[in-house]
Amino acid sequence: MMNASEIPTFAVVGHPNEGKSSVVATLTEDDSLRISDFPGETTVCSDYSVRVDDEILIRFLDTPGFQHPQKTLEWMQQHSAQKQHPAHAFVEAFREDPEHHHDVELLIPLAAGAGIIYVVDGSRPMRKNDVCEMEILRMTGNPRMALINPKEGDDSFLQTWKENCAKSFNLTRIFNAHHASFVERMALFESLKRMHQDWEPAMLRAVGIFECDWKTRVSDTAQIISDCLVEALEFQVEMFTEKGEIESVSRSKLIAQYQLDIQSLEKRAQSSIRGVYRHRKFRPTLPEQSILAEDLWTERSWKMLGLSRRQVLMAAAVLGGGAGLKLDILFANLSFGMFTLSGAALALAGTWVKGENMARVKVKKLRLGRASLTVGPNRNPQFPFVLIDRLLLFFQWMIRWSHARPDVQDQIQSIEGEDKAGLSSSWTKKRRELIYKCLKQLKHKKAETKAEASEKLKAEIESILWELSTDTTAVSSSLSIEK
Amino acid sequence: MKAGKVKKTEGHWSSADVVDLEYFLMHASSSENPGESAQQARYWFQQHVAEHAGEEHAEFPDPKVLKAWLKHQKKQHKGDTPLPGESWQWLIGMLFWLLLFAGLLAGAGVTASLLDYDGAQPVNVAMFLCLLVGVQLIWSFVSFIVIAGKGLQWIPLHAGFSLRLLQSLMHWASTRLDRHLISKLATEKRMVWESFWRQLRDDHAASGKFLLWPILTRIQMAGVMFNVGVMFTLMTSVVFRDLAFGWQTSMQQINDGTVATVVKTLSLPWNWIWGEGQGFPSLAQIEGSRIILKDGIGAMQNPYLTSWWPFLMMAVAVYGFIPRMLLWLWLSVQERRQVALYPIQSASCQKLWSRFHTRYLHVTTKPFDNHSHSKDNAPAPSLLADNLAPTAGSAQSTVLDVPCWFYMDEGLGSPNEQSKIKSLLSPYGWQVKGVLDSSPSDDGSCFERFCSGDCLLWVEEAWQPPIQEKMKRLKACHGLLPPGVFLCVGLVGKPRGVSWLTPVRSRDLEIWQKFVHQNLSKEIQVRALVAS
């Protein structure tokens with residue numbers, strides 16, 4: 001295990017209410033940090049250690065904001081002749097002064113040699129206090145990086161910030177703690193690696209571990225989604241009654257029970273995904289206009305999500321044609337492709353008919369005057385695609401939901417209009433057909449076929465999730481300026 | 001637990017253990033926080049195994065370690081419902097006893113019926129042999145072919161009548177269990193159980209990895225007991241009843257010699273112990289026990305009529321009991337083997353094993369420990385006693401209807417020209433009497449121009465958080481004010497282009513009001529300069 005000096009330690013400092021705690025929460029994926037828009041909420045320096053098992057990889061120190069930037073700078077400038085580290089000297093001089101408690105708490109980690117991550121809100125103008133703060137940090141001589149966190153998305157002051165930060169910091173990055181994706185976080189860690197040469201091996205290792213952990217999480221999520229699909233496709237509600245009482249059983253109630261149970265399955269999967277992405281303390285609330293806020297069974301969900309009718313029919317025809325082709329090959333093509341054509345036509349017709357079917361109540365008469373009523377399994381070809389779309393949208397939302405903003409709602413997937421707007425409709429033809437085939441095989445009676453299909457489905461979902469989570473378009477907003 | 005203790009837990013894996021392990025793994029993967037269960041698994045592994053035995057990543061899971069983990073999980077299990085392994089154990093236990101008694105009773109019943117003798121007609125030996133030995137011999141042979149075929153994968157495991165029968169049995173049992181036990185559980189729990197049973201029924205029973213063998217073993221036990229029932233009934237009937245055995249035929253081709261040859265051939269396995277006349281009937285005994293209905297039983301000699309029972313007993317034992325017993329033993333070995341292979345081969349165990357070896361990434365929080373500089377570890381003073389509920393939107397401006405002296409603390413483009421300020425603020429209702437060039441907190445010289453009833457309008461940018469340094473300056477200024485003059489903090493919003501006179505967010509106004517009133521004085525007014 002590393003000793004303390006080898007562990008990269010970063011003090012996140014700045015003016016009050018600039019989003020320091022948000023940056024720490026996002027970097028550590030810890031939603032237990034108290035984040036408030038009220039200035040001065042952080043009163044002590046707290047250590048957030050990122051650990052792998054019991055070993056500390058990186059330490060982030062959340063500090064209170066500067067309360068006396070001008071006075072602190074004046075004091076440091078007056079005492080700059082001292083050989084002592086300026087932060088250390090300040091702490092020594094003011095540690096008994098309750099008025100300077102916040103400034104002392106802020107400077108303690110700097111006196112201990114921590115790297116500096118100076119957080120500024122890039123959506124506001126720069127003021128005299130900011131200049132003082134930057135000068136204080138420059139005077140400490142610690143490795144330092146400026147993190148421009150545009151809290152309100154206004155970029156009219158960004159250029160001024162970048163130019164001024166470049167004068168006092170080794171590195172400047174734009175990092176929106178409320179919208180940072182995995183790729184952006186990794187890019188930031190890569191930058192931290194360059195802050196201090198001694199920390200480079202440890203940071204390199206940490207980045208490797210973070211990436212590995214992310215892969216595991218993506219794989220776990222793929223398993224959750226795949227399991228949910230397998231279960232939902234086989235799910236049925238069964239009720240036993242006397243033969244004479246069949247008519248008195250409320251069929252609509254049975255269908256409602258089936259729909260509720262499927263929704264429970266979806267909720268359970270969502271809840272597991274939420275756990276995988278460590279949103280433990282706060283349950284993110286869905287915006288009202290989100291398609292996810294709507295019930296799985298609403299007409300709008302089915303209209304907006306899943307594949308288009310044409311896409312479903314095409315996938316079915318390809319699968320049916322493929323089966324027929326095998327027969328044609330078996331007959332050395334003496335059948336002149338008749339099996340391929342027939343297979344495609346049959347699959348088309350079957351899917352056309354099933355396309356309109358939802359789960360219905362089926363009555364089965366048993367012996368001894370008993371009967372069973374069952375709803376499901378749902379054979380509608382759109383059903384799994386609607387469910388996949390909803391779970392993928394949920395995943396997308398989870399990875400973008402910042403650990404730093406439990407009280408902020410984001411505008412996600414506000415879908416309007418009549419066209420398909422889920423993710424599945426934009427998949428490539430090859431991917432659509434592969435998933436369609438897997439879903440079809442999941443209904444197979446043979447356990448080995450089912451298991452194989454389930455594995456293939458999981459692998460394909462994993463690659464979709466990986467693509468979604470490493471979407472590089474999100475990084476385009478990041479900027480790295482090296483001195 | 002020490003490493004040695006993990007070793008001590010080494011024991012046989014039972015099918016109930018497998019069911020429980022599957023249940024725990026499924027429960028963990030469907031829980032709200034799978035990360036937490038992964039952490040727990042990793043933590044357990046580190047604490048109980050890696051710490052003592054090192055963390056060498058073996059390719060295949062170690063059954064001993066998995067068993068120890070399972071034991072730990074069982075200890076941790078809380079809840080009003082029994083573990084599915086217990087239910088499974090109960091189910092196969094019941095099946096065992098049910099089939100045991102059913103086999104015994106069936107054997108005894110069939111034998112008792114065949115040994116029905118009222119002094120008129122002897123028991124038909126051929127019928128006895130056909131039904132109790134011939135049928136069993138064929139059954140055993142077919143069973144052996146099917147089971148060996150499945151074991152050696154000649155026959156696909158999902159095929160076959162017996163398996164469909166087993167699946168139906170499982171379905172029946174789980175439906176009963178569902179109706180009587182699971183349906184009473186809370187929805188979430190119920191769904192986990194239902195899903196678990198479905199998984200067992202559809203996947204594992206069909207693939208026959210471990211649930212098939214315990215059931216097949218118990219079915220073979222019924223076969224063994226059937227033979228025990230046959231032999232027991234035959235023996236007791238011979239001892240306590242007057243029985244007569246004979247054979248009959250209408251075919252001319254079958255004579256005493258033919259029967260003697262067949263009997264001698266069938267008795268080959270034991271005739272080296274009990275020879276002719278003892279272990280199997282001699283030619284004379286066969287001749288003497290032939291039934292000719294027109295002659296009646298009176299013509300037959302008694303010793304010949306009873307000479308068949310040792311042969312029948314040995315035929316049942318050798319061709320019924322022993323093959324069944326061998327099949328049962330073979331199935332028991334297979335059952336153990338399959339269950340023993342489960343921790344090494346199953347996907348879920350591989351997953352758990354991988355969890356054990358996947359380093360767990362997490363965050364711990366504590367106060368920064370380098371507090372040698374700090375005076376003590378007393379709680380830090382909060383800048384406010386209590387917090388504010390968040391509000392959204394822009395603040396309403398409340399103009400002071402008194403002459404104001406304007407002072408802008410810092411950097412709003414230095415618009416401190418008197419005429420410009422007056423013209424800017426008058427449309428909003430502010431009466432600007434004059435503009436101060438220097439900070440009124442430095443000294444009180446600027447206040448000489450003030451009259452009683454005047455107001456010092458100290459303008460601040462509301463979006464800048466009110467820090468202590470700023471509060472100190474306001475406090476100093478407030479202390480220097482002449483009598484009758486009051487201080488008002490006028491707030492402006494974020495500058496838009498060249499305009500600094502912008503509306504203030506309600507939240508910023510609230511923060512400033514609360515800050516100023518709690519840290520300075522309630523006499524100081526805090527207002528937004530312009531309306532939204």
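Each chain gets a letter, A, B and so on, in the order the sequences are listed, and its residues count up from 1.
For the pair B/Trp463 and A/Pro125, the minimum side-chain heavy-atom distance is below 4.5 Å. Side-chain contact between B/Lys472 and A/His68 is present, with at least one heavy-atom pair separated by less than 4.5 Å. In this structure, the side chains of A/Arg59 and B/Phe368 come closer than 4.5 Å at one or more pairs of heavy atoms. Looking at A/Asp47 and B/Pro367, their side chains never come closer than 4.5 Å, going by heavy atoms from C-beta outward. Looking only at side-chain heavy atoms (C-beta outward), A/Lys71 and B/Glu469 come within less than 4.5 Å of each other. Between A/Asp53 and B/Arg42, the closest side-chain pair of non-hydrogen atoms falls below 4.5 Å. A/Arg278 has its side chain out of reach of B/His362: every pair of non-hydrogen atoms, C-beta onward, lies at least 4.5 Å apart. By the 4.5 Å heavy-atom criterion applied to side chains, B/Leu361 and A/Glu29 are not counted as neighbours.
Under the 3.5 Å distance criterion, the side-chain polar atoms of A/Gln67 are matched with a main-chain donor or acceptor of B/Gln468. Remark: side-chain polar atoms of B/Lys494 are paired, donor with acceptor, to backbone N or O of A/Ser123 under 3.5 angstrom.
Here A/Asp220 contributes atom CG and B/Arg355 contributes atom CZ; the two are 7.0 Å apart, rounded to the nearest 0.5 Å. Rounding to the nearest 0.5 Å places OG1 of A/Thr216 at 10.0 Å from CZ of B/Arg359.
Only the side chain of A/Gln223 comes within contact range of chain B, with heavy atoms under 4.5 Å apart. With a 4.5 Å cut-off on non-hydrogen atoms, A/Pro64 does not touch chain B at all. If you measure heavy-atom distances from A/Phe157 to chain B, the contacts under 4.5 Å come from the side chain alone. Both the backbone and the side chain of A/Ser49 come within contact range of chain B, judged by heavy atoms closer than 4.5 Å.
When the candidates A/Glu99, A/Arg217, A/Glu18 are compared by the number of heavy-atom contacts under 4.5 Å with chain B, A/Glu99 comes out ahead.
Between B/Glu461 and A/Arg127, at least one side-chain N (NZ, or NE/NH1/NH2) sits under 4.0 Å from a carboxylate O, which counts as a salt bridge.
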